[in-house]
Amino acid sequence: MVGVVATVVVLIGNGVLAGVLVAVAIGLVPVFTALPAPDYIRVHTLAGRYFDRIMPPLVLCSIGADVVLVIDTDSAATRPLFALAALAQLGVSLVSQFGNVPLNQQTRATDPADIPPRWDDPRSRWRALHTLRTVFALVGLFVNAIAVAV
């Protein structure tokens with residue numbers, strides 16, 4: 001029964017994670033890029049307020065469910081797949097925590113009404129990091145799907 005619950009959590013959690021990150025990549029990132037700096041700061045800060053509440057627990061639950069499946073499975077074929085999927089999602093977490101989050105904090109600390117003349121615009125770095133974590137999430141989802149299908 002534990003394996004069934006963990007499988008459902010992994011597929012839904014990793015699926016939502018990958019879906020949200022893809023949606024941000026194709027929907028919000030182009031908007032962020034097109035906005036003037038003051039508007040970008042306002043929109044990014046507002047959007048982040050909502051994503052920041054949901055995404056970290058979602059990633060951790062998905063990683064945890066994969067770890068449960070690594071431990072719970074008797075299959076020598078699926079154990080390394082669930083482990084790889086957990087590592088891919090850990091990649092999402094590490095890129096987010098050590099890449100995107102510091103840039104988010106830098107953005108939130110900038111007053112949109114008083115942007116310094118030599119403001120270090122984080123958008124291109126944030127986009128590159130976001131793309132990397134999106135790839136990690138998609139790899140995790142793909143590998144989880146294969147593991148469940150096997």
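For the single chain, residues carry numbers from 1 onward in sequence order. Side-chain atoms are counted along with the backbone in the values below, which use heavy atoms only and exclude waters and symmetry mates.
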note = Exactly one of Leu87, Val143, Val9, Asn144 clears side chain to side chain contact (heavy atoms under 4.5 Å, CB included) with Asp66, and that residue is Asn144
task = Would you kindly confirm whether Leu103 and Leu21 end up in one hydrophobic cluster when ILVMFWY residues are joined by side chain heavy atoms under 4.5 Å apart?
result = yes
key: Any Leu28 side-chain heavy atom under 4.5 Å of Phe51 side chain   = yes
query = Are the side chain of Ser75 and the backbone N or O of Ala77 linked by a donor-acceptor pair below 3.5 Å?
reply = yes
note = Correct closest heavy-atom pair for Pro30 and Ala25 would be CD-O, 3.4 Å
query = What are the two closest non-hydrogen atoms of Ala6 and Ala65, and how far apart are they?
reply = O-CB, 3.6 Å
query = Do Leu90 and Val139 share a hydrophobic cluster, counting only Ile, Leu, Val, Met, Phe, Trp and Tyr and linking them when any side-chain heavy atoms are less than 4.5 Å apart?
reply = no
task = Evaluate the ring planes of Trp126 and His130, with Trp represented by its six-membered ring, and classify them as parallel (under 30°), tilted (30 to 60°) or perpendicular (over 60°).
result = parallel
inquiry  = Could you tell me if the side chain of Val68 sits less than 4.5 Å from the side chain of Val10, heavy atoms only?
reply    = no
task = Measure up the Tyr40 and Trp119 rings against each other and bin them: parallel (under 30°), tilted (30 to 60°), perpendicular (over 60°).
result = tilted
query = Which atoms form the tightest heavy-atom contact between Ala85 and Gly140, and what is the distance?
reply = CB-O, 3.7 Å
message = Same cluster or not: Ile63 versus Phe142, using hydrophobic residues (I, L, V, M, F, W, Y) connected whenever any side-chain heavy atoms lie under 4.5 Å apart?
response = no
ask   = For the hydrophobic clusters of this structure (ILVMFWY residues joined by side-chain heavy atoms under 4.5 Å, transitively), does one cluster hold both Val20 and Val92?
value = yes
request  = Find the distance between SG (Cys61) and CD1 (Ile12) and round it off to the nearest 0.5 Å.
outcome  = 12.0 Å
message = To the closest 0.5 Å, what do you measure between CE (Met55) and CG (Asn100)?
response = 11.0 Å
task = Output the distance between atom CG (Leu58) and atom CG (Leu17), rounded to the nearest 0.5 Å.
result = 5.5 Å
ask   = With no hydrogens and no angle check, is any side-chain donor or acceptor of Thr7 less than 3.5 Å from a backbone partner on Gly3?
value = yes
request  = Could you go through the side-chain contact (heavy atoms from CB on, under 4.5 Å) check for Leu69 and Thr78 one step at a time?
outcome  = CA-CA 9 Å; Leu69 290 168; Thr78 59; over 6 Å; no
key: Verify same cluster id: Ile146, Leu141 (apolar side-chain graph, 4.5 Å)   = no
ask   = Does some side-chain heavy atom of Val29 sit less than 4.5 Å from a side-chain heavy atom of Val24?
value = yes
request  = Rounded to the nearest 0.5 Å, what's the gap from CD on Gln105 to OG1 on Thr110? Could you check?
outcome  = 11.5 Å
task = Apply the test side-chain contact (heavy atoms from CB on, under 4.5 Å) to residues Ile115 and Ile41: give CA-CA distance (whole Å), side-chain angles for both, the deciding distance (0.1 Å), then the verdict.
result = CA-CA 10 Å; Ile115 298 173; Ile41 292 167; 3.7 Å; yes
query = Taking side chain as C-beta onward, heavy atoms only, is Thr107 less than 4.5 Å from Phe32?
reply = no
ask   = Considering only heavy atoms from C-beta outward, does the side chain of Asp120 approach that of Arg125 to under 4.5 Å?
value = yes
key: Nearest non-hydrogen partners of Gly99 and Pro102, listed with the distance   = O-CD, 3.3 Å
query = Under 4.5 Å between any side-chain heavy atoms of Gln89 and Phe136, yes or no?
reply = no
inquiry  = Counting C-beta onward and ignoring hydrogens, is there a side-chain heavy-atom pair between Arg79 and Ile71 closer than 4.5 Å?
reply    = no
inquiry  = Can you tell me how far apart CZ (Arg123) and NE2 (His44) are? Round to the nearest 0.5 Å.
reply    = 10.5 Å
request  = Could you verify whether a donor N or O on one side chain and an acceptor N or O on the other, from Arg133 and Ser96, lie under 3.5 Å apart?
outcome  = yes
